[in-house]
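Below: one structure, written as structure tokens.
Note: hydrogens, waters and symmetry copies are ignored here, and every other heavy atom, side chains too, is used.
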Amino acid sequence: MSIDTGNKMMKTNHFIFHSGIKRKEQKILPGEEGIFFKGINYLESNQRISYLEDKTIDDRYYILTLLGVAKELEKEGIETGIYEGGTIPIQLLVGLPPGDYGKQIRKFREYFWRQGKAVYFSYKGKPYRIRYESVNVYMQGYSAYILVANQLYLQEQPKVLLIDIGGFTVDYLLVRYGVVDRTRIDSLPEGIIMLYKRIMVGIRQRFNLYLEEADIDNILFKRKTPYSELV
């Protein structure tokens, strides 16, 4: 199961949702997008988590990843009870920006692996028990290159520049004849979140309107936002 733990959005094979969760004191109601994990209810939120250079400092991205796993399991109709022993085995694939890959790969893998122990949680009131059989961490951008390299004969090219515009960072890396040039890798803090901040400042200065990221999303995706919520 592949899950992209983005700074703005979480991405799975079939779902895209905000990288945000919030605690809920009451029990999660049927139909609510949330999970119950280690005695706490967490609801999906459109208010993203503040940027974290190191996503392993707390359990929030671990929980967001569990939420992505739960969404995929429900879509595929996979339940705990159909497996021998009641535990669903999962091979988890995650990624890191090129600039962070070398220094964070081991920590990021262990963050999810946790000695391969069974993980108990419930999603929409339905109990699940999973176990990560393996956790593989890939370099973002280069994984996409590998997917299309043979088809486009990219490994025959002297230079291929890969650019990944993400939530917080713009990542780039140079590939020479199929081999990553380690001296031409970086992650710059110039992603979509920074663009949103500049937009919010400009709108506030010109129109005296205080926008949030969700308001900009609504405009871009043509979802209606009441004027009263913008002032």
Side-chain angles (χ1 to χ4, degrees), residues 1-19 48-62 64-69 71-72 76 89-116 130-198:
M1 187 176 295
S2 301
I3 297 182
D4 183 350
T5 56
N7 293 301
K8 180 170 174 58
M9 307 295 290
M10 298 285 295
K11 283 84 71 179
T12 71
N13 192 30
H14 297 100
F15 300 93
I16 299 177
F17 57 100
H18 285 88
S19 299
R48 64 170 179 81
I49 295 171
S50 298
Y51 169 70
L52 297 174
E53 182 178 359
D54 182 358
K55 295 174 182 174
T56 68
I57 63 173
D58 57 39
D59 271 349
R60 285 180 290 180
Y61 271 97
Y62 186 87
L64 282 166
T65 300
L66 281 184
L67 185 57
V69 168
K71 289 174 181 285
E72 288 292 331
E76 298 298 331
I90 293 176
Q91 294 180 337
L92 181 65
L93 284 67
V94 291
L96 281 171
D100 298 329
Y101 187 77
K103 61 183 178 181
Q104 292 190 15
I105 177 173
R106 291 186 179 179
K107 183 190 294 186
F108 206 53
R109 179 183 181 276
E110 292 302 320
Y111 177 68
F112 294 105
W113 171 243
R114 304 192 180 191
Q115 300 179 330
I130 68 170
R131 183 175 68 84
Y132 293 130
E133 286 193 323
S134 62
V135 177
N136 297 313
V137 183
Y138 296 93
M139 184 184 296
Q140 293 172 358
Y142 188 61
S143 301
Y145 170 89
I146 294 174
L147 187 64
V148 300
N150 288 334
Q151 180 182 357
L152 301 179
Y153 303 102
L154 297 181
Q155 67 273 19
E156 300 177 9
Q157 302 299 320
K159 290 183 180 180
V160 176
L161 179 62
L162 308 180
I163 300 175
D164 182 358
I165 303 175
F168 189 80
T169 61
V170 174
D171 308 318
Y172 71 86
L173 64 153
L174 188 67
V175 181
R176 302 178 187 271
Y177 296 108
V179 179
V180 176
D181 184 343
R182 300 279 179 178
T183 67
R184 296 292 186 270
I185 295 176
D186 205 352
S187 298
L188 308 176
E190 295 292 341
I192 296 299
I193 292 172
M194 305 307 292
L195 171 64
Y196 276 32
K197 287 184 177 180
R198 289 194 288 269

Nearest heavy-atom neighbours spanning Glu72 and Phe15: OE2-CD1, 3.4 Å
Any residue meeting side-chain contact (heavy atoms from CB on, under 4.5 Å) with Glu110, in chain and number order, not counting sequence neighbours: Trp113
Side chain to side chain, Ile90 and Val69, heavy atoms closer than 4.5 Å: yes
Gly99 versus Ile185, closest heavy-atom pair with distance: N-CG2, 4.0 Å
From Leu93 atom CG to Asp4 atom CG, the distance as rounded to the nearest 0.5 Å: 11.5 Å
Test: Arg48 cationic atom under 6.0 Å from Phe168 six-membered ring centre, within 45° of axis: no
Side chain proximity check, Lys159 to Leu161, heavy atoms < 4.5 angstrom: no
Flag, side chain of Tyr61 to backbone of Gly6, donor-acceptor distance under 3.5 Å: yes
Chi angles and distances behind the side chain to side chain contact (heavy atoms under 4.5 Å, CB included) call for Asn7, Ile193: CA-CA 9 Å; Asn7 293 301; Ile193 292 172; 4.2 Å; yes
CZ on Arg182 to CG on Leu173, rounded to 0.5 Å: 9.0 Å
Approximate separation, where rounding is to 0.5 Å, of Met1 CE and Asn13 CG: 9.0 Å
Separation of Glu156 CD from Asn150 CG (nearest 0.5 Å): 9.5 Å
Exercise: identify the closest heavy-atom pair between Pro98 and Asp171: CD-CB, 3.5 Å
Closest non-hydrogen atom pair between Asp164 and Gly141, with its separation: OD2-N, 4.4 Å
Axial cation check for Phe112 ring with Arg109, 6.0 Å and 45° limits: no
Pi-cation contact, Tyr111 with Lys55 (under 6.0 Å, within 45°): no
Separation of Met10 CE from Leu67 CG (nearest 0.5 Å): 7.5 Å
Tyr172: partners by ring-ring contact (aromatic ring centres under 6.0 Å, His included), with sequence neighbours left out: none
Nearest-0.5 Å distance, OG1 of residue Thr5 to CG of residue Leu52: 10.5 Å
List, one per line, each side-chain donor-acceptor pair under 3.5 Å for residues 130-139, sequence neighbours excluded.
none

Donor-acceptor contact below 3.5 Å, side chain Gln104 vs main chain Glu53: yes
Pairwise side-chain contact, Asp100 with Thr169, heavy-atom cut-off 4.5 Å (strictly under): no
